[in-house]
Amino acid sequence: MRYNPQLIEKKWQRIWEKTGIYKTKDRVKGKKNFFCLDMFPYPSGHGLHVGHLHGYVGSDVVSRYYRMRGFNVLHPMGFDAFGLPAENAAIKFGIHPKVWTYKNIKDITKQLKSLGAMYDWKRLIITSEPDYYKWTQWLFLQLYKSGLAYRQNVPANWCKNCKTILANEQVVDGKCERCDSRVFQKNIEQWMFKITSYGEDLLSGLGNLDWPENTKTMQRNWIGRSEGWEIRFKIQNSDLKTTSQNSKFIEVFTTRADTLFGATYLVLSPEHPIIKNLKSQIANLKFVEEYIEETKKKTERERISEAKEKTGVELQGIKAVNPANGREIPVFVADYVLGGYGKGAIMAVPAHDQRDSDFSKRHNLPIIKVIKAGRERFSAERAYEGEGILVNSGEFDGMDSIKARDRIGKWLSEKGLAKKSVYYKLRDWTISRQRYWGAPIPMIYCKKCGWQTVPEEDLPVLLPPLKDFKPTEDGKSPLARVNKFVETACPKCRGRAKRETDTMDTFVCSSWYYFRFTDPKNKKQFASKEKIKIWLPVDIYIGGAEHTVGHLLYSRFFTRFLKNKKYLSFSEPFLRLSHPGIILGPDNQKMSKSKGNVITPESVTKKYGMDTLRVYEMFMGPFGDSMPWSTEGIEGSYRFLKKLQRLNSKLKSQNSKPPASPKLQRGEQFKSQKLEKLLHQTIKKVSDDIKNFRFNTAISALMILVNELQKEKQLTVNNYQLLLKLLAPFAPHLAEELWLPYGKSVHLQPWPKYDPKLVREKETTLVLQVNGKVRDKIGVEIGISEEKAKKLAISSQKIRKWIEGKKVIKIVFVPNKLINIVI
RNA sequence: GCCCGGGUGGCGGAACUGGUAUACGCAAGAGACUUAAAAUCUCUCGCCAGCAAUGGCUUGUGGGUUCAAAUCCCACCCCGGGCACCA
């Protein structure tokens, strides 16, 4: 029989759907639950290409493997359906975002179904459905009630083209991630989530996670914990004109208190509030105010591109005192100091900080060296930012700089001039979007009562149908134009009030979807406590590394919040994480429509079928690496599956012949022992490899086994069945088809076990080296003694040739591996 | 600039904890089957010298540690990803 994937794949997909073989029950007697989750796709208009499938195949292999291992596996799928691109496309093509989104969902569902994965489609969730976003809104209310959702006028990233505010994560190189146009700063009232209140916890929780080290490091850096000292610099004579406490000191934050003696000036950020308080004392107030106005006009991008310029203005008439040495030092305002971090003010140490060094040169400020490096390596160009021994630091001279940090800090704190503190780079999460296609924020503004929550029983706040969904020029959401939506009654006083018209960032929707999969139809809760307990946390989570500092961090925040509110008992949602590598086009470039190098699954399956595609994607290389697609390489995976089909024919023709003599010849007996060993080794290898996401070497082991079985004269049904079971996670359709004569589905069979005794080799090849070069190899039994081995080595003809007449200095013996004779 | 990865045949890639470098697959070449093609099967296949046996060289480059280095250490070059004035 010829291998006809198109025929058998469709057939089995139909049968699987009919028999409901992949429907997941919440509990199965005697089985442990296992949750294997894919990052659910965004329904984009281009559909999925072979690169997207890479992760989905991997997660399906894992899910199928654990299922055969006896676990009750949940492997669901859904769509992250709200978001900007739907609107952008809608505007571009003149289609309603909803129509566009649901058409894409239909197309991608078809593609995903052709994958033959064991998704439980009964649990499908779509985040733009009211019965889903009702709970997104509910979660917003819980955060609000806990003081973790708040409103603030913040300088936001404003994209003129998309007419919306972007999250920091959506700004790439000062440009809008979506449309690539310049991003400006604009102050807008926004809803924020206080993710920073979990900063410390999000950081420390990383330690125990089975995540790629890389990903953890990136999150750590993103959270950006810095330990240091807040130091107070007295303002000279300030008590003469003002009595306000706030105007007597300038507080700075530093991680390098050890360089305090080298602080030759202070710098305030343009936003610093003290500037207003000191107004009357600033001699050049006009200049200062002009400078501050200038910086406000600058975009973030301009600030970055001018990074080396280090502009700034001195506050003339103001002097501060360095508490370490009592020296009077000038005070500047400069935009290289950020208002949103630390104290919004710094002590400048030009000798040991490059930025301060750049600034000091421009403004002719004194430089005092206070750290001496172990090896004198000062250059005129660069500040020395490393550690060393203190100099020019009074009583601290000669002290190690690391030690000096705390010493100087404590010394000042005793005088009430310093305090230890910690700052994070992590900022609160702006979730307001001035867009139509998102979950409405369930808040109402009443002139009398202020902001009021929509009562929970009134949820969901439905997204009204809207014909004109284009954003407005004034930056307001298109919902602001829908009077029926906006005008409402105040839940408190019943008077006239207005609804919030912003919608939520789509990352809010995706921060909790894994909970919903456990209980997708629940009308009373986002998910029942019991179901959450059964299924979560997620055992294995598979998806792109690009979500490291966005989605993955937000999800960890939500989970912690829900734990605090006693809805769950764990704080980490994803125990194990794996990122699939990116599949590049055959030209080694990222697949993109404009480059014309996109490989669609359909173009591949037309010729080879989905099983070949699956096997090839797993075989190409390490799961997490990015690799180019090879239109020729896939040929090998196709041949592999065809060979399997031929083994089946071989088995059939064998059965029609009279059985061979039951007594094996001695040679054949030896051969069959060897084969048995290979079988057991393959079971072990494939099992271990799947567990560790090393799919490529698992398949190579299967190929070796198939090649061996093909060479065998006699193929036993046992061996053949074993092979089909090992194949089932990778090529589920073919394995199922070939299993047909043996009863119920191969996917319901138990995973084969191996005998550890049989895996172990009895013989090994001992490598004989002379001076580290391989000169001979001999077969010996495992566990051969050192003495015996050495004797054998010396008696080897080839070795003799090399050591004859030379003095043997030493013989190194590595058990079961090699002998190295040093002469 | 800083922080992570990574550099192995013509190509994708294997190689446990330092111990046979190049598994498996692709491409290529030769042959078998066939009227022919496709499919399939067998053999060759890192580089250099040699008919061969064999010998020398080889994991980005240069050094080092070791009986032994793709693997550990130092310096440098190149590629990919992330962050970016965070004091």
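The shown structure was predicted, so the numbers you read here are calculated from the model rather than taken from an experiment. Lettering of chains follows the sequences in order, A, B, ..., and the numbering in each one begins at 1.
Atom CD1 of A/I583 is separated from atom P of B/G81 by 17 Å (rounded to the nearest Å). Atom CD1 in A/I799 sits roughly 13 Å away from atom P in B/U54 (whole-Å rounding). A/Q354 has its CD atom 16 Å from the P atom of B/A87, to the nearest Å. Separating the CZ atom of A/F640 from the P atom of B/A39 is a distance of 19 Å, rounded to the nearest angstrom. One atom, CD of A/E635, and another, P of B/U40, lie 8 Å apart when rounded to the nearest Å. Put simply, CD1 on A/I250 is 15 Å from C1' on B/A87, counting in whole angstrom units. Between A/L584 atom CG and B/C11 atom P there is a gap of 16 Å when expressed in whole angstrom units. The nearest whole Å value for the distance from the NZ atom in A/K425 to the C1' atom in B/C85 is 11 Å.
Regarding the sugar-base torsion, B/G9 falls in the syn class, its angle being within 90° of 0.
Here A/V808 pairs with A/I811, A/I821, A/I823 under the side chain to side chain contact (heavy atoms under 4.5 Å, CB included) rule; sequence neighbours left out. By the side chain to side chain contact (heavy atoms under 4.5 Å, CB included) test, A/R760 is found to be paired with no residue, residues two or more places apart in sequence or in another chain being considered. Applying the side chain to side chain contact (heavy atoms under 4.5 Å, CB included) test to A/H363 and every residue at least two apart in sequence or in another chain returns A/F332, A/F359, A/L365. The side chain to side chain contact (heavy atoms under 4.5 Å, CB included) test applied to A/E786 returns A/K790, A/F813, not counting sequence neighbours.
For A/N221, the side-chain atoms get nearest to B/C3 when compared with the rest of B/A87, B/C41, B/C3. When each of B/G13, B/C41, B/G55 is scored by its nearest atom to the side-chain atoms of A/K801, the top-ranked nucleotide is B/G55. For A/V822, counting side-chain heavy atoms from C-beta on, the closest listed nucleotide (B/C67, B/A84, B/A27) is B/C67. With B/G82, B/A87, B/C85 as the candidates, the nucleotide lying closest to the side chain of A/Y336 is B/C85. Comparing B/A87, B/G55, B/C3 by their nearest atom to the side chain of A/T217 picks out B/C3. Among the nucleotides B/G82, B/U54, B/A27, the one closest to the side chain of A/K798 is B/U54. If you check B/G13, B/A87, B/C67 against the side chain of A/K810, the one that comes closest is B/C67.
As rounded to the nearest Å, B/G82 and B/U71 have C1' atoms that lie 26 Å from one another. Separation of the P atoms belonging to B/C79 and B/G18 is 31 Å when rounded to the nearest angstrom. Taking atom P in both B/G50 and B/C33, the straight-line distance is 35 Å, to the nearest Å. Using atom C1' as the reference point in both B/G7 and B/G12, the two lie 15 Å apart (nearest Å). B/G10 and B/C16 have their P atoms separated by 23 Å, given to the nearest Å. Annotation: B/A69 and B/G63 have their P atoms spaced 14 Å apart (nearest Å).
Using a 4.0 Å heavy-atom cutoff across all strands shown, A/G633 reaches sugar-phosphate atoms only and no base atom. Residue contacts for A/K642: at a heavy-atom cut-off of 4.0 Å it reaches the sugar-phosphate backbone alone, with no base atom in range. Among the atoms of the strands shown, only primed sugar atoms or phosphate atoms (P, OP1, OP2) are found under 4.0 Å from some heavy atom of A/K643. Among the heavy atoms of the strands lying under 4.0 Å from A/N707 are primed sugar atoms or P, OP1, OP2 only; no base atom is included.
Nearest-nucleotide assignment on RNA chain B puts the 5′-proximal partner with A/N771, out of A/N771 and A/Y341. Residues A/I699 and A/T254 each lie close to RNA chain B; by heavy-atom proximity, the contact nearer the 5' end of the strand is made by A/I699.
Within the structure, salt bridge (charged side-chain N to carboxylate O under 4.0 Å, His left out) contacts touching residues 807-823 of chain A (residues at least two apart or in different chains) do not occur.
Among all heavy-atom pairs drawn from A/A383 and A/Q354, the shortest one is N-OE1, 2.7 Å. The shortest heavy-atom contact between A/I368 and A/F261 is CD1-O, 4.2 Å. The minimum heavy-atom distance between A/F253 and A/S226, with the atom names listed, is CZ-O, 3.7 Å. Taking both residues in full, the closest heavy atoms of A/I231 and A/A257 are given as CD1-CB, 4.4 Å, listed atom of the first, atom of the second, then distance.
For the residue pair A/S796 and A/D776, a side-chain donor N or O sits within less than 3.5 Å of a side-chain acceptor on the partner. Counted by atom type alone, A/S360 and A/Y265 present zero donor-acceptor pairs between their side chains at under 3.5 Å.
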Given side-chain hydrogen bond (donor to acceptor under 3.5 Å, both in side chains), test A/T311 with A/Y291 step by step and report yes or no. CA-CA 9 Å; A/T311 59; A/Y291 177 77; 2.9 Å; yes

Test salt bridge (Lys or Arg N to Asp or Glu O under 4.0 Å) on A/R405 and A/E227 and set out the steps. CA-CA 11 Å; A/R405 294 221 243 290; A/E227 226 172 271; over 6 Å; no

Taking only N/O atoms, report every protein-nucleotides 69-80 of chain B pair under 3.5 Å with atom names and distance.
none

Could you pull out the protein-nucleic contacts involving nucleotides 56-60 of chain B (nitrogen or oxygen on both sides, under 3.5 Å)?
from  : atom 1 : to     : atom 2 : distance (Å)
B/G56 : OP1    : A/R775 : NH2    : 3.2
B/G56 : OP2    : A/R775 : NH1    : 3.0
B/C57 : OP2    : A/K773 : NZ     : 2.8

Between the protein and nucleotides 42-48 of chain B, list every N/O to N/O distance that falls short of 3.5 Å.
none

Under 3.5 Å, side-chain donor or acceptor atoms of residues 619-640 of chain A against the rest of the protein: list the pairs with distances, not counting sequence neighbours.
from   : atom 1 : to     : atom 2 : distance (Å)
A/S630 : OG     : A/E632 : N      : 3.3
A/S630 : OG     : A/G633 : N      : 2.7
A/E635 : OE1    : A/Y608 : OH     : 2.9

Taking distance alone, no hydrogens or angles, what donor-acceptor pairs closer than 3.5 Å link side-chain atoms of residues 697-710 of chain A to residues at least two apart or in another chain?
from   : atom 1 : to     : atom 2 : distance (Å)
A/T697 : OG1    : A/D689 : OD2    : 2.8
A/T697 : OG1    : A/R694 : O      : 3.2
A/N707 : OD1    : A/K643 : NZ     : 2.9
A/N707 : ND2    : A/M703 : O      : 3.4

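The side-chain tip of A/K310 points at the ring of A/Y336 from less than 6.0 angstrom away and within 45° of straight on.
Under a 4.0 Å N-O distance rule, the pair A/E213/A/K216 qualifies as a salt bridge.
A/R639 has no side-chain polar atom (N or O) that falls below the 4.0 Å cut-off from OP1 or OP2 of B/A39.
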Reading 5' to 3' through nucleotides 15-23 of chain B, protein heavy-atom contacts under 4.0 Å coded B for base, S for sugar-phosphate only, - for none: -B--BBS-B

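Proximity of a side-chain donor or acceptor of A/H49 to a complementary backbone N or O of A/M591 within less than 3.5 Å is not detected.
Stem regions annotated for RNA chain B: B:1-7 with B:77-83, B:10-12 with B:24-26, B:28-32 with B:40-44, B:46-49 with B:54-57, B:60-64 with B:72-76, counting only runs of 3 or more consecutive pairs of Watson-Crick or G-U type with both contacts under 3.5 Å.
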